[in-house]
Amino acid sequence: MSDFNFYKADKAYGELYFQFPKVLLYSEEYSKLSDSAKLAYVIFRDRLQYSIQNHWIDEENNVYFIFTNKELCELLNKSENTVTKIKKELEKAGLLLQQKMGFDPVKKKNFPNRLYLADLEVNATDIYQLQQREEILSNQGIAKNAAREEVVEKPLNQGTANFEGRENKSESRLNQGTVKNEVNLYQSISKDIKENKDIQKPDENTLIQQAFNPEKKDQEQEQQLIDDYIEKYALYEEYGEEIIHHFKAYSFNDFQTFTLYCEKVMYAKKSVEDESGIYISILSSSKYSPFIREELKRTFTRCVQQSRFGKTKNISSYLFISFKNVFEDFMRSQVSK
């Protein structure tokens, strides 16, 4: 017992931390807040954990907390005037709400204000930018071309051993012929994406917006290009007819926009596969395909509608992140089983 490495009280106290949400630094909406305001938000957020213990819940089931100006002055080493400005800054940003509780006749002074903290809003653009920053940091010291090749061009299955490893983690295949065809198809897609990287394309967001307001084009030629693309990559077999029909409908028979939609879902699927090391099958032979295909269709429809109503500016990134979330949620559900 004497050799047991006990956790001492002073050691445990020294390893207590405040959690600092990354969105406060990377989001366009919150990054302009002062450092003091960001720190105050983090401190207030930490105080919320005591709200449940103290039953600080109002009649509308909203959680509030109490944090006097005096406490915050001592913690931040700021004057009361500065602390008041910090609170007003958070109020202006929509992150803090103060409710006055009136006068205490016994103590002859005002009751402490009730403070309500707003949850941080995170959109797809924030997530995409954060992932981009983390990817840059994780690839420091690696040549840019090598980093891009790792993300986009790395073959899905390197050798039989790698594929068998992934196959053991995912559902078993009905036959090896199906597996071989899937791998060849995916490698063909990756190869074409690689070959088309250097082709000059319009801005993706502009391309999608233009598709919503189509100009006169050779509809027969565009439709033929789309049909050939679907057949070449067996998109009906891989992703199902419903979502591909949605891609066609919302591209308004514009071939470039249609291929953009397809590439976003392909990139998202491959990104999750690369990160997890597990191949995701959504072929009709997979028992999970109805669930994933339906989620992809609903996600795509929601993204496009939000773009058309002006609720998102970066539709291209929003599509990628939203598709990726579908695959990540599915992967997490399988790992937890």
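Keep in mind that the numbers below use all heavy atoms, side chains included, and drop hydrogens, waters and symmetry copies.
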Legend entry - Check: Phe44 ring centre within less than 6.0 Å of Phe67 ring centre: yes
Legend entry - Heavy-atom check, side chain of Ser322 versus side chain of Arg302, under 4.5 Å: yes
Legend entry - pair Met101-Pro112: side-chain heavy atoms closer than 4.5 Å: no
Legend entry - Carboxylate-amine/guanidinium contact Lys270 Asp274, below 4.0 Å: yes
Legend entry - Sub-4.5 Å side-chain heavy-atom contact between Phe300 and Leu319: yes
Inset, instruction - Hey, could you give me the CD/OG distance between Glu89 and Ser36, rounded to the nearest 0.5 Å? - result: 8.0 Å
Inset, instruction - Measure the spacing between NZ of Lys324 and OG of Ser317 and express it to the nearest 0.5 Å. - result: 12.0 Å
Inset, instruction - For the residue pair Tyr250 and Gln305, confirm or rule out a side-chain donor-acceptor distance under 3.5 Å. - result: yes
Legend entry - Heavy-atom donor-acceptor pair, Ser51 side chain to Trp56 backbone, under 3.5 Å: no
Legend entry - Heavy-atom pair with the smallest gap, counting every atom of Val265 and Phe247: CG1-CE1, 4.2 Å
Inset, instruction - Looking only at non-hydrogen atoms, find the nearest pair between Ile66 and Arg47 and report the distance. - result: O-NH1, 2.7 Å
Legend entry - Gap separating the CZ atom of Arg293 from the CD1 atom of Ile244, nearest 0.5 angstrom: 9.0 Å
Legend entry - side-chain contact (heavy atoms from CB on, under 4.5 Å) between Ile280 and Val272, intermediate numbers included: CA-CA 9 Å; Ile280 303 172; Val272 174; 4.0 Å; yes
Inset, instruction - May I ask you to check whether over 12 heavy atoms, not counting those of Arg298, lie within 6.0 Å of atom CZ? - result: no
Legend entry - Main-chain N/O of Thr68 paired with Glu71 side-chain donor or acceptor, under 3.5 Å: yes
Legend entry - Side-chain donor/acceptor of His246 to backbone N/O of Glu242, under 3.5 Å: yes
Inset, instruction - Supply the atom-to-atom distance Ile282 CD1 to Glu295 CD, rounded to the nearest 0.5 angstrom. - result: 12.0 Å
Legend entry - ILVMFWY cluster, Leu97 and Phe111 together (side-chain gap under 4.5 Å): no
Legend entry - Pairwise side-chain contact, Asp254 with Glu222, heavy-atom cut-off 4.5 Å (strictly under): yes
Inset, instruction - Applying ring-ring contact (aromatic ring centres under 6.0 Å, His included), run through His245 and Tyr239 and close with a yes or a no. - result: CA-CA 11 Å; His245 284 160; Tyr239 295 98; over 10 Å; no
Legend entry - Expected output: side-chain Ser251 to main-chain Lys248 donor-acceptor under 3.5 Å: yes
Inset, instruction - Would you mind reporting whether Arg114 and Gln98 have side-chain heavy atoms less than 4.5 Å apart? - result: no
Legend entry - Sub-4.5 Å side-chain heavy-atom contact between Gln256 and Leu260: no
Legend entry - Nearest heavy-atom neighbours spanning Lys38 and Leu33: CE-O, 3.3 Å
Inset, instruction - List the atom of Glu273, the atom of Tyr279, and the distance in Å for their closest heavy-atom pair. - result: OE2-CD1, 3.3 Å
Inset, instruction - Report yes if the distance between the aromatic ring centroids of Tyr267 and Phe320 is under 6.0 Å, otherwise no. - result: no
Inset, instruction - Please test Phe18 against Ile43 for side-chain contact (heavy atoms from CB on, under 4.5 Å), starting from the C-alpha separation and ending with a verdict. - result: CA-CA 7 Å; Phe18 286 110; Ile43 293 171; 4.3 Å; yes
Inset, instruction - To the nearest 0.5 angstrom, please state how far the CG atom of Asp227 sits from the CZ atom of Phe255. - result: 10.5 Å
Inset, instruction - Using a strict 4.0 Å threshold on nitrogen-to-oxygen distance, state whether Glu238 and Lys269 make a salt bridge. - result: yes
Legend entry - Leu76 side, atom CG; Asp35 side, atom CG - distance, nearest 0.5 Å: 11.5 Å
Inset, instruction - Compare every heavy atom of Ile230 with every heavy atom of Phe258, then report the nearest pair and how far apart it is. - result: CZ-CG1, 3.6 Å
Legend entry - Heavy-atom donor-acceptor pair, Ser27 side chain to Leu24 backbone, under 3.5 Å: no
Inset, instruction - Verify the cluster assignment for Val42 and Leu96: are they in a single hydrophobic cluster under the rule of side-chain heavy atoms below 4.5 Å apart? - result: yes
Inset, instruction - Determine whether more than 12 heavy atoms belonging to other residues, nucleotides or ligands lie under 6.0 Å from atom NZ of Lys297. - result: yes
Inset, instruction - Side-chain contact test, heavy atoms from C-beta onward, threshold under 4.5 Å: evaluate it for Cys262 versus Leu235 and give yes or no. - result: yes
Legend entry - Check: Asp58 side chain, Glu60 main-chain N or O, donor-acceptor pair, under 3.5 Å: yes
Inset, instruction - Report the relative orientation of the aromatic rings in Phe291 and Phe330; use parallel for angles under 30°, tilted for 30 to 60°, perpendicular for over 60°. - result: tilted
Inset, instruction - List the steps, then state whether side-chain contact (heavy atoms from CB on, under 4.5 Å) holds for Asn69 with Lys87. - result: CA-CA 9 Å; Asn69 281 358; Lys87 284 186 173 181; 2.6 Å; yes
Inset, instruction - Compute the centroid of each ring, for Tyr50 and then for His55, and state whether the two points are separated by less than 6.0 Å. - result: no
Legend entry - Check against side-chain contact (heavy atoms from CB on, under 4.5 Å), Lys78 and Cys73: CA-CA 5 Å; Lys78 303 287 186 182; Cys73 287; 5.6 Å; no
Inset, instruction - Inspect the surroundings of CZ in Phe20 and state if more than 12 heavy atoms from other residues, nucleotides or ligands are less than 6.0 Å away. - result: yes
Legend entry - For the student: nearest non-hydrogen atoms of Phe323 and Tyr261, plus distance: CE1-O, 4.3 Å
